[in-house]
Amino acid sequence: MHCIDFNCDLGEGCGHDAELMPLISSANIACGAHAGDDATMRATLRLCREHGVTAGAHPGYADREQFGRRERTLPHAELVALVRDQIAALDALARDEGVTLRHVKPHGALYNQSAREPDIAMAVAEAVRAYDRSLIVVGLSGSASIEAAQTCGLRTAHEVFAERGYGEDGRLLPRGAPGAVLTPDATVEQALGLALRGDVVAHGGRVLRLRADTLCLHGDRDDAVEIAQRLHAALTTAGVRIQSL
C-alpha cells in the first residue's frame with residue numbers, strides 16, 4: 001500500500017483550522033513570528049490532540065506585514081536563535097497541552113531560502129539540533145534543507161506540494177508566476193501522481209521524479225477545506241494510506 005503524510009500550515013488566523021484538522025495527518029503550527037500568538041498556538045494544539053493529528057513547529061521570519069514571505073539575510077547566529085526560540089515557544093505550550101511535537105517545517109521565505117541556500121539550511125538544521133535532535137526536519141524534496149539536516153544527523157521528511165507548480169529545477173514556481181498555483185482539478189491530479197508514482201509534470205512539460213514523504217496543502221487558501229476534502233477522498237479511493245510522519 002502507498003502511504004503519505006498529508007500536512008497543512010495552520011494557526012495562521014485563516015479561520016478554518018477546525019474544518020481542516022479531520023482531513024489531515026500533520027499540522028505545521030505558526031509560532032508567533034509571521035503569524036499566530038499563544039492563544040492560536042494553544043487552540044491549534046488542542047485541535048491536534050482532539051483529532052490525533054501530529055503537531056509540528058512552523059517557524060518563519062518575524063515579518064507579519066508580508067506574512068513571512070519576504071526574503072531576508074540575517075547573521076547565522078541570529079537565524080539559529082530565531083528558529084530555535086520559535087520551536088521552544090510552541091513546545092512549551094504543547095507540553096502544557098499534553099501534545100508532543102514531532103517535526104519542524106520552516107515557513108514561506110525561510111522555507112524557500114533554506115531549500116536553495118546551504119548556509120540558511122544549515123542554520124535551520126543547527127537550530128533543530130540544538131533544541132531537540134529527535135525532531136524531524138521537513139523540507140522541499142531533494143533540496144539543500146534536507147541535505148543540511150542529514151549532515152547534522154537529523155531525521156528528514158521530503159515534502160511535495162499538492163497545489164503549487166514546479167519549475168524544471170524541482171523548485172516551486174514563485175508566487176505570481178504563470179502556473180504557480182494550480183486549479184482544484186490539477187491539484188488533485190498532481191497529488192495523485194506524487195503519492196502513487198513519485199512524479200510531477202513541471203511547468204514546461206518535463207516529468208520530475210521526487211521522493212514524497214509528506215504532501216502539503218497550504219491552509220491559507222480560501223478554498224482550502226474544499227480542496228482538502230477532494231484530496232483526502234481521491235487519495236483514499238486510489239488506495240493511498242494517509243498517515244502522519
Side-chain angles (χ1 to χ4, degrees), residues 4-64 67-69 80-108 110-111 114 124-125 127-139 149 154-157 159 161-162 213-222 224-225 227-229 231-232 242-245:
I4 198 165
D5 177 49
F6 183 18
N7 79 75
C8 266
D9 305 335
L10 300 179
E12 296 178 324
C14 297
H16 43 229
D17 288 8
E19 296 173 90
L20 285 168
M21 199 68 76
L23 301 167
I24 64 174
S25 50
S26 293
N28 318 305
I29 304 173
C31 303
H34 75 279
D37 54 26
D38 283 4
T40 58
M41 285 189 272
R42 280 192 186 276
T44 312
L45 288 163
R46 289 170 182 170
L47 285 170
C48 287
R49 186 181 63 210
E50 177 184 348
H51 293 281
V53 169
T54 296
H58 195 41
Y61 290 125
D63 179 20
R64 289 175 177 262
F67 199 60
R69 287 179 174 155
V80 171
L82 176 75
V83 174
R84 185 192 62 231
D85 291 351
Q86 288 180 67
I87 299 170
L90 180 65
D91 191 37
L93 296 174
R95 292 172 184 271
D96 193 45
E97 294 293 338
V99 175
T100 300
L101 295 189
R102 296 295 186 194
H103 66 276
V104 176
K105 173 189 167 180
H107 166 80
L110 180 58
Y111 181 96
S114 68
V124 172
V128 175
R129 183 177 62 182
Y131 186 76
D132 182 351
R133 62 184 310 120
S134 73
L135 292 168
I136 300 167
V137 174
V138 176
L154 301 170
R155 293 184 295 161
T156 58
E159 184 176 42
F161 288 80
D213 297 325
T214 181
L215 175 74
C216 177
L217 172 69
H218 285 95
D220 60 341
R221 290 178 61 123
D222 291 339
V225 175
I227 300 298
Q229 290 169 338
L231 287 173
H232 192 282
I242 298 172
Q243 64 179 29
S244 63
L245 295 172

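Only this structure's heavy atoms are used, side chains among them; waters, hydrogens and symmetry mates stay out.
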Margin query: For D222, is the CG atom crowded, meaning more than 12 foreign heavy atoms sit under 6.0 Å from it?
Written below: no
Checklist line | Over all atoms of both residues, closest heavy-atom pair of L110 and Y61 | finding: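 Answer, listing the atom of L110 first, then Y61: N-CE1, 3.6 Å.
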Side-chain polar contacts of residues 50-59 - donor-acceptor pairs under 3.5 angstrom, sequence neighbours left out - could you list them?
| from | atom 1 | to | atom 2 | distance (Å) |
| --- | --- | --- | --- | --- |
| T54 | OG1 | S244 | OG | 3.0 |
| H58 | ND1 | K105 | O | 2.7 |
| H58 | NE2 | H107 | ND1 | 3.1 |

Margin query: Between R64 (side chain only) and G36 (backbone N and O only), is there a donor and an acceptor less than 3.5 Å apart?
Written below: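 Yes; at least one donor-acceptor contact below 3.5 Å.
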Margin query: Please check: side-chain N/O of N7 versus main-chain N/O of A27, any donor-acceptor pairing under 3.5 Å?
Written below: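 No, because the side chain of N7 does not come within donor-acceptor range (under 3.5 Å) of the backbone of A27.
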Notebook entry, point to check: Got L135 and I87 here, is their nearest side-chain heavy-atom distance under 4.5 Å?
Noted result: yes
Next item on the list: Please examine the side chains of Y131 and D85, heavy atoms only from C-beta on, and report whether any two atoms are closer than 4.5 Å.
Entry: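 No - every pair of side-chain heavy atoms lies 4.5 Å or more apart.
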Next item on the list: Using ring-ring contact (aromatic ring centres under 6.0 Å, His included) as the criterion, list what pairs up with Y111, not counting sequence neighbours.
Entry: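 With sequence neighbours excluded, Y111 shows a ring-ring contact (aromatic ring centres under 6.0 Å, His included) to F161, given in chain and number order.
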Item checked: Derivation of the side-chain contact (heavy atoms from CB on, under 4.5 Å) call for D213 and D5 -> CA-CA 6 Å; D213 297 325; D5 177 49; over 6 Å; no
Checklist line | With V138, the side chain to side chain contact (heavy atoms under 4.5 Å, CB included) member among T156, V104, L245 | finding: L245
Checklist line | side chain to side chain contact (heavy atoms under 4.5 Å, CB included) partner of L90, chosen from D38, T44, L45 | finding: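 Going through the options one by one, the only one that passes is L45.
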Notebook entry, point to check: Testing H103, E12, E159 for side chain to side chain donor-acceptor pair (under 3.5 Å) with N28, which one passes?
Noted result: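 Option passing the side chain to side chain donor-acceptor pair (under 3.5 Å) with N28: H103.
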Notebook entry, point to check: Under a 4.0 Å N-O cut-off, is there an ion pair linking R102 with D91?
Noted result: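 Between D91 and R102 there is no salt bridge, as every charged N stays at least 4.0 Å from the carboxylate O atoms.
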Next item on the list: Go through the steps to decide whether L154 and R129 satisfy the test side-chain contact (heavy atoms from CB on, under 4.5 Å), and finish with yes or no.
Entry: CA-CA 7 Å; L154 301 170; R129 183 177 62 182; 4.2 Å; yes
Notebook entry, point to check: Who pairs with R133 by salt bridge (charged side-chain N to carboxylate O under 4.0 Å, His left out), at least two apart in sequence or on another chain?
Noted result: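 So R133 forms no salt bridge (charged side-chain N to carboxylate O under 4.0 Å, His left out) with any residue.
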